[in-house]
Amino acid sequence: MIETSHCESYAASLTRDRFAMRAVLSVVGERVIVDGNLTTSRGPGTAFEWALSLVKQLYGQEKMEAVAGPMVMYPYKV
C-alpha cells in the first residue's frame with residue numbers, strides 16, 4: 001500500500017486494481033521520485049538512476065558520483 005503523495009511507476013502497473021491507496025496518489029512523470037523515505041522510479045529502464053538515488057541518500061553526493069563515474073550511461077539527474 002502506498003501512503004505518500006508522490007510516486008512513479010511503470011505505466012502498466014498504474015491501475016486502481018494494483019494499488020490500494022489511502023492517500024491521493026500523484027504520479028509526477030519524473031524518472032526517479034524521492035518522497036520522504038520512499039524512492040520510486042518508472043521501471044526497468046531507470047534502474048541505474050534509482051540505485052544512484054539510493055546511494056546519494058545513504059552516502060551523499062560525492063559517493064554517488066564516485067559510483068556513477070565508471071558506469072556507461074547518458075547524463076542523469078539524481
Side-chain angles (χ1 to χ4, degrees):
M1 180 180 300
I2 294 177
E3 295 182 12
T4 184
S5 57
H6 299 93
C7 79
E8 193 54 68
S9 176
Y10 191 61
S13 68
L14 286 177
T15 64
R16 290 197 182 270
D17 296 334
R18 195 83 167 156
F19 288 125
M21 298 177 285
R22 278 194 202 163
V24 174
L25 181 63
S26 171
V27 179
V28 179
E30 298 291 330
R31 293 176 63 82
V32 177
I33 299 292
V34 178
D35 186 10
N37 64 355
L38 177 67
T39 302
T40 57
S41 73
R42 297 191 84 163
T46 58
F48 284 139
E49 293 156 278
W50 177 79
L52 289 173
S53 176
L54 295 179
V55 171
K56 181 178 177 181
Q57 292 171 63
L58 295 171
Y59 302 104
Q61 180 76 23
E62 186 176 327
K63 179 57 91 177
M64 189 263 315
E65 290 172 2
V67 169
M71 297 174 114
V72 178
M73 57 187 285
Y74 57 88
Y76 54 90
K77 180 185 86 173
V78 175

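For clarity, every value in this text was computed on a predicted model and none was experimentally measured.
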Query - Verdict with supporting geometry, Ser53 and Gln57, side chain to side chain contact (heavy atoms under 4.5 Å, CB included) - result: CA-CA 6 Å; Ser53 176; Gln57 292 171 63; 3.1 Å; yes
Query - Nearest heavy atoms of Leu52 and Met64, plus distance in Å - result: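 Leu52 and Met64 have their closest heavy atoms at O-CG, 3.2 Å.
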Report task. Please name the pair of heavy atoms, one in Gln61 and one in Lys56, separated by the smallest distance, quoted to 0.1 Å. Result ->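 Where Gln61 meets Lys56 most closely, the heavy atoms are OE1-CE, 3.0 Å.
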Requested in this report: Starting at CD of Glu49, measure out to CZ of Arg31 and round the result to the nearest 0.5 Å.
Outcome: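 That separation rounds to 4.0 Å.
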Query raised in the report: Side chains of Leu54 and Thr39: does their closest heavy-atom pair fall under 4.5 Å?
Result: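 Yes, their side chains come closer than 4.5 Å.
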